[in-house]
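Quick caveat: nothing in here was measured; it's all calculated off a predicted structure. If you read the sequence from its start, that first residue is 1, and numbering goes on from there. For ligands, and for the atoms within them, numbers begin at 1 and follow the listed sequence.
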Amino acid sequence: MKLNILGCGGSESPDIHPPAFLVDDFLLLDAGVISAVLSPEAQQKITHILISHAHHDHVRGLPSFFDNLIVAGQQKAVQVIAGEETLRAVSEHLFNDAIWPDFSRLPSIERPVLSWRSIEPGPDLHLGDYVISAFVVNHSVPTLAFRIQHQGVSLFYASDMGPTPSLWRQIGQPDALIIEVSFPNQLEDLALKTGHLTPILMAAELALLPQRPPQIFVTHLKTFHAEKILEEIRGLNIPELTILQDGQQFNLRANPR
Ligand SMILES: [Zn+2]
Ligand SMILES: [Zn+2]
């Protein structure tokens, strides 16, 4: 499973984009950035976009992406897949014909470039031979984490979450895990109030896993506190941790168990 880090920031700054992770060229996990970093050809390979929640930094790449598709004469709808509340928020407040056109009705109602599809915890969703599962996580708005399984490889993606102790026994044994750390330890109150993690809070979540995955990717650092957070994450001495950077690519493999 190929994983391209299009953006992994918890805030925007030069060379750091909000969260967007491209799996095997066709499946995008969150849409913090798309057209600012992908060629037109690469954009046209995307067929499905999973959105964790409706916050601006996770959907802000969608408007210009769909604008590009319609201009390019795209024939097939790209599916935007999310929980019901997220779909409602994005369609009512972003693609509402006021902020941006309703691309689920363009270029025609019969053959639009965007189609909405809901996902909920429980039943798996199948995209070809990829199996997607959704899990509720604690954040300031309704938010889902996702597990993507394909040919024996399992990737678990949780962006934007506060402590969610019940989560970790449900997710099986992923080969790779993406998890957030937004704030340094001294801002724990703010992290808890806004539904985010600090290095110490993240370590407490990871300690609830029956077994740590061989690769744990950290995302969503707030740029203004990045140095401090990096220092505190290194201090955790968890060897599996990698702090992500925009532009990185990984080839995820099944971990022999
Ligand atoms: Zn958020
Ligand atoms: Zn975010």
If you consider just the N/O/S atoms, which atom of Asp57 is the closest one to the Zn ion (ligand 2)?
OD2

Pair Ser154, Asp175: side-chain N/O donor-acceptor within cut-off below 3.5 Å:
no

Starting from the C-alpha separation in whole Å, work towards a yes-or-no answer on ring pair (Phe, Tyr, Trp, His ring centres under 6.0 Å) for His58 and His220.
CA-CA 11 Å; His58 297 253; His220 213 271; 5.6 Å; yes

Can you name the N, O or S atom of His53 that is closest to the Zn ion (ligand 1)?
NE2

For the Zn ion (ligand 1), the nearest N/O/S atom on His55 is atom ND1

His139 side, atom NE2; Leu197 side, atom CG - distance, nearest 0.5 Å:
10.5 Å

Hey, is there an N, O or S on His196 sitting under 2.8 Å from the Zn ion (ligand 1)?
no

Just to confirm my numbers, could you give the angle made at the Zn ion (ligand 2) by OD2 of Asp160 and NE2 of His58, rounded to 10°?
90°

Leu125 versus Arg117: any side-chain heavy-atom pair under 4.5 Å?
yes

Under a plain distance cut-off of 3.5 Å, with no hydrogens placed, do Ser52 and Ser159 share a side-chain donor-acceptor pair?
no

